[in-house]
Amino acid sequence: MFRNQTTFVIGAGASAEFGLPVGWELAKRIKNRATCIVDGLGRLVRPVDDVVSRLVEQHYGHRDAKNALEALRAINAGIRTAVSIDAFIDRFKRNEDVVTLGKLLIALEIAVAERGSLMHPEQIVLQSLNSNSATADDTWIGSFARILMDGVGDPSEVGQNISIICFNYDRCIEHYLTEAISAAYDIESDYAAEIVNTIEIIHPYGTLGSLPISRRLGRGILQFGPELEDDVDWMDIADKNIKTYTQQQHDPAMVEKIHAAIADCNMLVFLGFGFNNQNLDLLRVSPIAKYGEIAARNIYSTGYGIAQQVNGTIKRRVLHLLWDTGIEHDENRGRVQIEYGQTCAALFQTHNMNFSSFSRSFFLEEAEGSLRRVSVSSNSED
């Protein structure tokens with residue numbers, strides 16, 4: 001199992017290792033899906049994408065379609081100027097149509113991405129035909145699951161000492177852990193799914209919806225990697241489940257859970273995280289008086305795709321999440337380890353022992369030559 005009270009902060013780079021598009025690649029896909037046909041007079045006619053066209057017609061009707069087409073045009077033209085689709089939507093937070101259709105486009109692309117991910121059943125079938133194919137087990141989530149379950153005899157106790165703050169919309173973590181726990185303990189997938197639901201997994205910007213148990217579908221529930229042509233109310237899914245940065249600010253219960261996971265952890269691990277200001281603001285607890293003096297803890301992060309020349313800046317951004325003063329930064333700077341050039345999978349290979357719970361036991365000889373294993377209690381895992 002992991003060291004007690006470990007918090008993982010998951011960014012887009014972590015899902016990229018499952019084959020999901022991130023960053024500019026995701027933005028390009030959204031840009032393409034937002035493209036509209038223009039007639040000879042320069043007038044917007046309809047979306048090029050058949051799914052988007054159908055959904056716009058159903059939701060807006062003929063009379064209000066012009067507003068939808070103008071919103072799609074704005075997304076298509078402007079998304080390249082934002083650091084992320086989330087930031088672009090936040091820029092247009094007062095434009096209801098851009099927000100509505102931006103969230104719809106996110107939902108559609110994430111559904112396609114889940115279906116194409118390494119852990120989708122269709123991809124697993126293809127992997128079985130080629131022994132050299134990459135699998136989800138080869139990524140960081142495979143190492144994560146093995147540590148998560150190591151030394152845990154009762155499946156109901158899996159993951160009860162960790163928190164996950166996942167800034168991604170996909171449900172890859174939940175899906176993989178359900179399948180892994182089911183296989184590890186030879187239990188029904190439904191029971192494994194219920195166990196995963198007890199693990200604290202926080203999605204600040206929402207997801208496509210909860211994964212079904214016993215294949216039961218309903219409002220807010222959506223199977224992993226659904227077909228876009230399935231009988232799904234995508235407008236409702238996007239509206240109810242995908243959150244913008246502004247909407248997240250108005251969810252105090254969610255923010256409270258995020259703050260507690262950051263302030264109270266004994267170890268903090270960033271996986272594929274980009275350290276942009278918008279997300280850091282949601283994590284920052286240093287100015288919040290009720291958490292008092294924040295205790296020291298080890299902090300680890302991947303640095304894949306980040307130039308080592310910004311090491312000082314990255315460390316300051318991390319330290320400012322927890323501590324305000326220069327003295328506190330000096331005291332804790334050595335505890336922040338950024339592994340530049342390392343993917344999430346590589347980080348687990350490097351720090352497997354640092355992440356894993358440490359226990360001490362010895363064997364005590366008893367009567368008739370028998371041995372009894374005795375655990376040594378300790379308040380520290382260092």
Side-chain angles (χ1 to χ4, degrees), residues 8 10-30 32-33 49 51 106-150 155 158 164 166 168-190 192-193 195-196 201 207-209 211-212 215 222-230 232 271-273 302-305 339 341-352 355:
F8 295 90
I10 312 294
S15 288
E17 295 186 30
F18 307 144
L20 276 75
V22 297
W24 176 233
E25 180 57 36
L26 177 60
K28 282 195 295 184
R29 295 189 185 191
I30 290 174
N32 291 338
R33 201 177 285 274
D49 185 86
V51 175
I106 290 172
L108 295 177
E109 290 303 334
I110 295 303
V112 171
E114 284 187 351
R115 196 169 193 85
S117 69
L118 292 175
M119 58 192 66
H120 190 272
E122 289 184 358
Q123 302 305 317
I124 293 174
V125 170
L126 295 176
Q127 293 159 11
S128 68
L129 302 176
N130 183 354
S131 59
N132 295 321
S133 295
T135 70
D137 295 334
D138 301 323
T139 69
W140 68 269
I141 195 68
S143 299
F144 179 94
R146 287 187 283 274
I147 297 175
L148 185 73
M149 294 181 283
D150 184 43
V158 170
I164 299 172
C166 181
N168 304 331
Y169 298 107
D170 65 80
R171 290 88 47 85
C172 288
I173 293 174
E174 291 88 338
H175 175 77
Y176 183 90
L177 290 183
T178 296
E179 298 299 315
I181 292 172
S182 175
Y185 295 97
D186 192 23
I187 59 177
E188 294 292 331
S189 291
D190 286 354
I195 292 169
V196 172
I201 304 177
T207 68
L208 285 183
L211 293 171
R215 300 187 179 277
L222 191 65
Q223 67 186 34
F224 185 73
E227 290 271 19
L228 298 190
E229 288 72 26
D230 286 350
V232 175
L271 299 173
F273 192 67
T302 55
Y304 188 77
E339 299 295 353
Q342 286 199 351
T343 62
C344 301
L347 187 78
F348 272 88
Q349 292 172 359
T350 300
H351 291 288
N352 183 298
F355 294 166

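The basis for the numbers below is simple: all heavy atoms, side chains too, and nothing from hydrogens, waters or symmetry mates.
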- Message: Before you tell me yes or no, could you show the steps for Phe8 and Ile201 under side-chain contact (heavy atoms from CB on, under 4.5 Å), namely the whole-Å CA-CA distance, both residues' side-chain angles and the distance that decides it to 0.1 Å?
- Response: CA-CA 9 Å; Phe8 295 90; Ile201 304 177; over 6 Å; no

- No-hydrogen, no-angle side-chain donor-acceptor test under 3.5 Å, Thr350 and Glu339: no

Enumerate donor-acceptor pairs with a distance under 3.5 Å from any side-chain N or O in residues 115-126 to protein atoms, sequence neighbours excluded.
from: Arg115; atom 1: NH1; to: Gly225; atom 2: O; distance (Å): 2.4
from: Arg115; atom 1: NH2; to: Glu122; atom 2: OE2; distance (Å): 2.6
from: Arg115; atom 1: NH2; to: Glu227; atom 2: OE2; distance (Å): 3.3
from: Ser117; atom 1: OG; to: Glu114; atom 2: O; distance (Å): 2.7
from: His120; atom 1: ND1; to: Glu122; atom 2: N; distance (Å): 3.1

- Task: Begin from the C-alpha positions of Phe144 and Leu177 and carry the test side-chain contact (heavy atoms from CB on, under 4.5 Å) through to its verdict.
- Result: CA-CA 9 Å; Phe144 179 94; Leu177 290 183; 4.2 Å; yes

Within this structure, what is the [atom1]-[atom2] distance for the pair [X] and [Y], rounded to the nearest 0.5 Å?
X: Ile173; Y: Ser15; atom1: CD1; atom2: OG; value: 6.5 Å
X: Leu26; Y: Ile30; atom1: CG; atom2: CD1; value: 4.0 Å
X: Ile110; Y: Arg29; atom1: CD1; atom2: CZ; value: 9.5 Å
X: Ile181; Y: Leu148; atom1: CD1; atom2: CG; value: 6.0 Å

- Task: Please test Ile10 against Phe273 for side-chain contact (heavy atoms from CB on, under 4.5 Å), starting from the C-alpha separation and ending with a verdict.
- Result: CA-CA 6 Å; Ile10 312 294; Phe273 192 67; over 6 Å; no

- Message: Would Trp140 and Leu271 count as a side-chain contact (heavy atoms from CB on, under 4.5 Å) here? Give the steps.
- Response: CA-CA 9 Å; Trp140 68 269; Leu271 299 173; 3.9 Å; yes

- Note on the structure: Applying salt bridge (Lys or Arg N to Asp or Glu O under 4.0 Å) to Glu109 and not counting sequence neighbours gives Arg33

Is the number of heavy atoms from other residues, nucleotides or ligands under 6.0 Å of [X] [atom1] greater than 12?
X: Glu25; atom1: CD; result: yes
X: Asp186; atom1: CG; result: no
X: Tyr304; atom1: OH; result: no

- Query: Are Glu174 and Arg171 close enough for a salt bridge, meaning some N to O gap below 4.0 Å?
  - Reply: no

- ring-ring contact (aromatic ring centres under 6.0 Å, His included) filter on Phe355, not counting sequence neighbours, yields Tyr300, Phe348, His351

